[in-house]
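What follows is a short report on a single structure.
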Amino acid sequence: MLQVNFIRENFEKAVLGLKKRNFAGAEAALNQLVQLDDARKNIQLESDQLQAESNAISKTIGKLMQSGQIEEAERVKSRTSEIKSQVKALEDHYARQENELVQLLYTIPNIPHETVVPGFGAEDNEVVHSHGTIPELTPSNNLPHWELIKKYDIIDFELGVKIAGAGFPVYKGKGARLQRGLVNFFLDEATKAGYTEIQPPILVNEDSGYGTGQLPDKEGQMYFCNEDGLYLIPTAEVPITNLYRNEILQAADLPVKNVGFTPCFRREAGSWGAHVRGLNRLHQFDKVEIVHISHPDNSYEALEQMSDYVQGLLQKLELPYRVLRLCGGDMGFTSALTYDMEVFSAAQERWLEVSSVSNFETYQATRLKLRFKEDKKTILAHTLNGSALALPRIVAAILENNQQEGGIKIPQVLIPYLGFEWIN
RNA sequence: AGAGAGUUGGGUGAGUGGCUUAAACCAGCAGUUUGCUAAACUGUCGUACGUGUCAAAGCGUACCGGGGGUUCGAAUCCCCCACUCUCUACCA
């Protein structure tokens, strides 16, 4: 969430930023925010003063009791009970006021970075880079991946339906080994690039959901274990970033660079329709995620570094891709700047999003209370994350783009991980 | 899952209702001494919100696992919850 002080000091900038996101009533909401915060301060001031008085009286009573002036002590007590009820009323009022403030803050998305263009949806995103050539498939070898997986019997959706439901594929034989090989490849590459590997829990509590911004509002997108109050993670971003909830790091600890592999679970309520066949959209999928905690001064360098890193993976996998800088209207709620990486899937003739790399600046850190110490000052850190990478669409593109007469040719870099060169 | 014992600052650890404004030690930081290192000594050393200010210092309030209660006053007493350790039971 945003910080009220930031809004006070950058009111116009904040309004303009929210307009890029087509956030209706930005000015009114921000004005209300400042008013609620003013009211909160006034109540606190009054309450603090009364409590200071009460504390002083209590000390006096203590001294009177010790020196045996019981009657005098009793007389002073009457004033404190008066204060007590006033303080109680003020505290209740304060709690209501603060709650209203926080609820409003939860509804306001992050302010986009200055380079983010206004826009309404995917059609307004900017292509900032592209790489590789789009493969030309021959008429006899241009099957979409959902046909290829049947042809070679490597992924079975019907079996998944039998044991779980739609959107829970079963990977078999070389299909399973391809998954495992990709995960190992991604983790090894990340380790080489200086990331620390983390294996986090894949169920998280409510506080963690709030920490990274999935809650409130996105509860409908997460699977929830009612008995235990735990959510299945939609991405490793949630547990790995929440590792640092309520922490104060040292400036020398930065940047923190973690990587983790987890399955991800998404209910995807209401998002089924065209273009979701096969591996394009699933309830459960595997993903390797990179998470940075950065000094505010160089978080945008870190973002570029992460973008370059992800592009390097795609190059090694020999997949044609493009990089989009998302417009205000298409960016996630908590992000200030997001790059999407899309690979071209030759048989579907579509670009598929395989990674999303974002800088959240202090939006997550404010909720997480994630700070660091520098020169005796406590400063909010910047958080960033990105997929490196999400498996299903990578698999879809590898299958479609590399299909030949003799089967599907495995990219060179994966062969040591798989122990076979062809799926046939 | 049952029984018992615990949870205090970065760490160790004292503290059973009012000189506690959380002792002491260690670590950290700054300084003094010193040819260098070490040691010694002195000082400093939490977080949040508010107030104040150009900025700060300072001041106020809250915080001793989390939440609630008793009391003029709670680290201390009571209740609920979480976690840790030991034993028992169970288990991949």
Side-chain angles (χ1 to χ4, degrees), chain A residues 1-10 33-105 199-211 215 225-231 239 242-254 256 293 362-381:
Chain A
M1 70 189 166
L2 297 174
Q3 301 159 79
V4 181
N5 283 342
F6 172 86
I7 294 167
R8 284 179 189 276
E9 288 159 22
N10 303 276
L33 213 55
V34 172
Q35 279 170 23
L36 284 168
D37 194 49
D38 284 340
R40 180 188 65 85
K41 285 183 186 181
N42 287 334
I43 297 164
Q44 179 176 350
L45 187 60
E46 197 179 340
S47 169
D48 280 359
Q49 283 167 351
L50 281 169
Q51 285 192 66
E53 187 183 349
S54 173
N55 287 344
I57 293 171
S58 287
K59 265 178 207 164
T60 309
I61 292 173
K63 284 187 183 123
L64 290 172
M65 301 283 266
Q66 274 170 353
S67 60
Q69 296 168 265
I70 310 294
E71 284 175 28
E72 182 62 25
E74 286 299 327
R75 190 160 14 174
V76 182
K77 275 189 194 176
S78 64
R79 169 66 184 147
T80 58
S81 59
E82 199 180 306
I83 291 175
K84 218 173 134 181
S85 63
Q86 284 177 5
V87 168
K88 176 82 182 136
L90 284 168
E91 278 177 348
D92 289 347
H93 191 189
Y94 183 90
R96 283 198 306 276
Q97 202 74 27
E98 196 187 29
N99 185 49
E100 203 178 323
L101 177 66
V102 169
Q103 292 306 320
L104 183 57
L105 275 169
Q199 274 197 32
I202 58 175
L203 273 74
V204 295
N205 57 29
E206 194 176 49
D207 284 349
S208 299
Y210 277 97
L215 296 175
C225 304
N226 195 42
E227 286 274 296
D228 303 288
L230 296 171
Y231 294 87
N242 272 282
L243 255 24
Y244 300 90
R245 172 152 45 86
N246 268 320
E247 294 289 335
I248 300 176
L249 304 171
Q250 298 299 321
D253 298 334
L254 301 177
V256 172
I293 297 167
T362 59
Y363 196 88
Q364 289 182 328
T366 303
R367 283 200 212 178
L368 289 163
K369 297 190 169 63
L370 165 50
R371 301 90 88 204
F372 66 97
K373 279 228 152 168
E374 184 177 59
D375 300 332
K376 305 207 171 180
K377 281 188 182 165
T378 308
I379 304 167
L380 284 166

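Quick caveat, the model's predicted, so the values are computed rather than measured. Just so it is clear: chains get the letters A, B, ... in the order the sequence lines come, proteins before strands, and each one is counted from 1.
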Discussion item. Roughly how many Å apart are B:A74 and B:A55, using the C1' atom of each and rounding to a whole number?
Written reply: 39 Å
Worksheet item: Looking at residues at least two apart in the chain, or sitting in another chain, which of them share a side-chain hydrogen bond (donor to acceptor under 3.5 Å, both in side chains) with A:Asp38?
Response: A:Arg8
Practice prompt. Give, for atom OH of A:Tyr94 and atom NZ of A:Lys41, the distance between the pair rounded to the nearest 0.5 Å.
Written response: 10.5 Å
Item to complete: With C1' as the reference atom in both, quote the distance from B:U42 to B:U34 in angstrom, rounded to an integer.
Response: 16 Å
Fill in: Sequence-distant partners of A:Tyr231, ring pair (Phe, Tyr, Trp, His ring centres under 6.0 Å), two or more places apart
A:Phe224
Item to complete: Determine the interatomic distance between C1' on B:G46 and the same-named atom on B:C64; round to the nearest Å.
Response: 12 Å
Worksheet item: Starting at CG of A:Asn5 and ending at C1' of B:G52, how long is that distance when rounded to a whole Å?
Response: 15 Å
Practice prompt. Between B:C77 and B:G17, how far apart are the C1' atoms? Round to whole Å, please.
Written response: 8 Å
Practice prompt. Could you list the residues that satisfy side-chain hydrogen bond (donor to acceptor under 3.5 Å, both in side chains) with A:Glu374, not counting sequence neighbours?
Written response: A:His295
Fill in: Residues that A:Asp92 engages under salt bridge (charged side-chain N to carboxylate O under 4.0 Å, His left out), provided they are two or more places apart
A:Lys88
Worksheet item: Between atom CG in A:Leu249 and atom P in B:G10, what is the gap in whole Å?
Response: 14 Å
Fill in: Separation of B:C29 P from A:Gln250 CD (nearest whole Å)
10 Å
Worksheet entry | No-hydrogen, no-angle side-chain donor-acceptor test under 3.5 Å, A:Asn205 and A:Ser208 | yes
Worksheet entry | Canonical and wobble pairing (Watson-Crick, G-U, under 3.5 Å) of RNA chain B, dot-bracket with | | ((((((((.[[[..)..(.....]]].(((((.......))))).((((((......)))))).[[[[[..)....]]]]])))))))....
Discussion item. Just so I know, are the side chains of A:Gln44 and A:Glu98 near enough to count as touching, which here means a heavy-atom distance under 4.5 Å?
Written reply: no
Worksheet entry | Inter-nucleotide P distance (B:U71, B:G66), Å rounded | 23 Å
Practice prompt. Tell me, please, which residues at least two apart from A:Leu45 pass side-chain contact (heavy atoms from CB on, under 4.5 Å).
Written response: A:Gln49
Worksheet, complete the sentence: The salt bridge (charged side-chain N to carboxylate O under 4.0 Å, His left out) partners of A:Arg40 (sequence neighbours excluded) come to A:Asp37
Worksheet entry | Spacing of A:Leu90 atom CG relative to B:C49 atom C1', expressed in whole Å | 15 Å
Worksheet item: Below 4.0 angstrom from OP1 or OP2 of B:U47, is there any side-chain N or O of A:Arg371?
Response: no
Practice prompt. Please work out if A:Thr60 contacts a base, only the sugar-phosphate, or nothing of the nucleic acid, heavy-atom cut-off 4.0 Å.
Written response: nothing
Discussion item. It should be established whether A:Arg40 places a side-chain nitrogen or oxygen under 4.0 Å from OP1 or OP2 of nucleotide B:C49.
Written reply: no
Practice prompt. Rounded to whole angstrom, note down the C1' distance from B:U7 over to B:G18.
Written response: 26 Å
Discussion item. Using the side-chain hydrogen bond (donor to acceptor under 3.5 Å, both in side chains) criterion, which residues pair with A:Gln103? Sequence neighbours excluded.
Written reply: A:Asn99
Item to complete: Quickly work out the A:Gln97 CD to B:C49 P distance and round it to whole Å.
Response: 18 Å
Worksheet item: Are any of the side-chain heavy atoms of A:Ser54 and A:Val87 separated by less than 4.5 Å?
Response: no
Worksheet item: How close or far is atom C1' of B:G46 from atom NZ of A:Lys369, stated in whole angstroms?
Response: 16 Å
Practice prompt. Using whole Å, report how far CD of A:Glu247 lies from P of B:G9.
Written response: 14 Å
Worksheet item: A:Lys373 side chain N/O closer than 4.0 Å to the phosphate oxygens (OP1, OP2) of B:G46?
Response: no
Worksheet entry | Separation of the C1' atoms in B:C59 and B:C80, to the nearest angstrom | 37 Å
Fill in: All salt bridge (charged side-chain N to carboxylate O under 4.0 Å, His left out) counterparts of A:Lys77, not counting sequence neighbours
A:Glu74
Discussion item. Roughly how many Å apart are B:A23 and B:A75, using the C1' atom of each and rounding to a whole number?
Written reply: 13 Å
Worksheet item: Under the side-chain hydrogen bond (donor to acceptor under 3.5 Å, both in side chains) test, which residues partner A:Glu53, sequence neighbours left out?
Response: A:Arg79
Worksheet item: Looking across every strand, which nucleic acid part, if any, lies under 4.0 Å from A:Ile83 by heavy atom: base, sugar-phosphate, or nothing?
Response: nothing
Item to complete: Using heavy atoms and a sub-4.0 Å distance, could you list which residues of residues 201-211 of chain A are near RNA chain B? By number, please.
Response: none
Worksheet item: Roughly, in whole Å, what's the span from CG in A:Asn246 to P in B:U47?
Response: 13 Å
Discussion item. Does the protein touch nucleotides 55-77 of chain B at the base, only the backbone, or not at all? Give it as B, S and - per nucleotide, heavy atoms under 4.0 Å.
Written reply: -----BSS---------BS----
